[in-house]
> 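This is the structure I want to talk about, given as structure tokens.
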Amino acid sequence: MPIIAQHKWSWCSKCEGLFYSGSSAGLGHCPAGGTHTKTGSGDYALFAETQPAGFPANVMAQSNWHWCSQCGCLWIPTSALPKGCCPCPAAGSKGHTSAGSGNYTLLAEP
Ligand SMILES: [Zn+2]
Ligand SMILES: [Zn+2]
């Protein structure tokens, strides 16, 4: 089974966050103001599969990361802060959204 990855994830030098720069909606909302910037960033790829079946069993990974279509950032819901804190002005107190997002997996240190 192939390992599926999605590139065009970028580091923003304004907020130091990871955001998706390939969205047709643009570069999102940066908590530092305006849109995120990919200037100086590499092109990062995330695993875009819930359970990366192609991984060896001894590889540690964490799934359930999501793209927020409002601000463009990568985020993960936790029980303490289920929707996080979204810098998009339209989000208000509703936090990030996972609508339209895939389920991303990051490799984790054991
Ligand atoms: Zn930013
Ligand atoms: Zn957001």
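Just follow the structure's listing: the first ligand is 1, and inside any ligand the first atom is 1.
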> In residues 14-21, what donor-acceptor pairs under 3.5 Å come from side-chain atoms, sequence neighbours left out?
{"unit_1": "K14", "atom_1": "NZ", "unit_2": "G33", "atom_2": "O", "d": "2.8"}
{"unit_1": "K14", "atom_1": "NZ", "unit_2": "T35", "atom_2": "O", "d": "2.7"}
{"unit_1": "E16", "atom_1": "OE1", "unit_2": "W11", "atom_2": "NE1", "d": "2.9"}
{"unit_1": "S21", "atom_1": "OG", "unit_2": "K8", "atom_2": "O", "d": "2.8"}
{"unit_1": "S21", "atom_1": "OG", "unit_2": "S10", "atom_2": "OG", "d": "3.0"}

> What are the two closest heavy atoms between D43 and H7, and how far apart are they?
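Closest approach of D43 to H7, heavy atoms only: OD2-ND1, 2.8 Å.
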> Going only through I, L, V, M, F, W and Y residues with side-chain contacts under 4.5 Å, is there a path from L46 to I76?
yes
> For the atom pair CH2 (W65) and CG (N103), what is the distance rounded to the nearest 0.5 Å?
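With rounding to 0.5 Å, CH2 (W65) is 12.0 Å from CG (N103).
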> What do you get for the angle at the Zn ion (ligand 1) between SG on C15 and SG on C30, to the nearest 10 degrees?
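My answer is 110°, to the nearest 10°.
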> Side-chain donor-acceptor contacts of residues 86-102 below 3.5 Å, not counting sequence neighbours, with atom names and distances?
{"unit_1": "H96", "atom_1": "NE2", "unit_2": "C85", "atom_2": "O", "d": "3.4"}
{"unit_1": "T97", "atom_1": "OG1", "unit_2": "A99", "atom_2": "N", "d": "3.0"}
{"unit_1": "S101", "atom_1": "OG", "unit_2": "W67", "atom_2": "N", "d": "2.8"}

> Once rounded to 10 degrees, what value does the angle at the Zn ion (ligand 1) take between ND1 (H36) and SG (C12)?
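The two atoms form an angle at the metal of about 110°.
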> Per the side chain to side chain donor-acceptor pair (under 3.5 Å) rule, what does the pair list look like for residues 69-91, sequence neighbours excluded?
none
> Check whether H66 reaches the backbone of Y104 with its side chain - one donor and one acceptor, N or O, closer than 3.5 Å.
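Not at all, since once roles are kept as given, no pair shorter than 3.5 Å links the two residues.
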> So, with waters excluded, how many protein N/O/S atoms does the Zn ion (ligand 2) have closer than 2.8 Å?
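For the Zn ion (ligand 2), the figure is 4.
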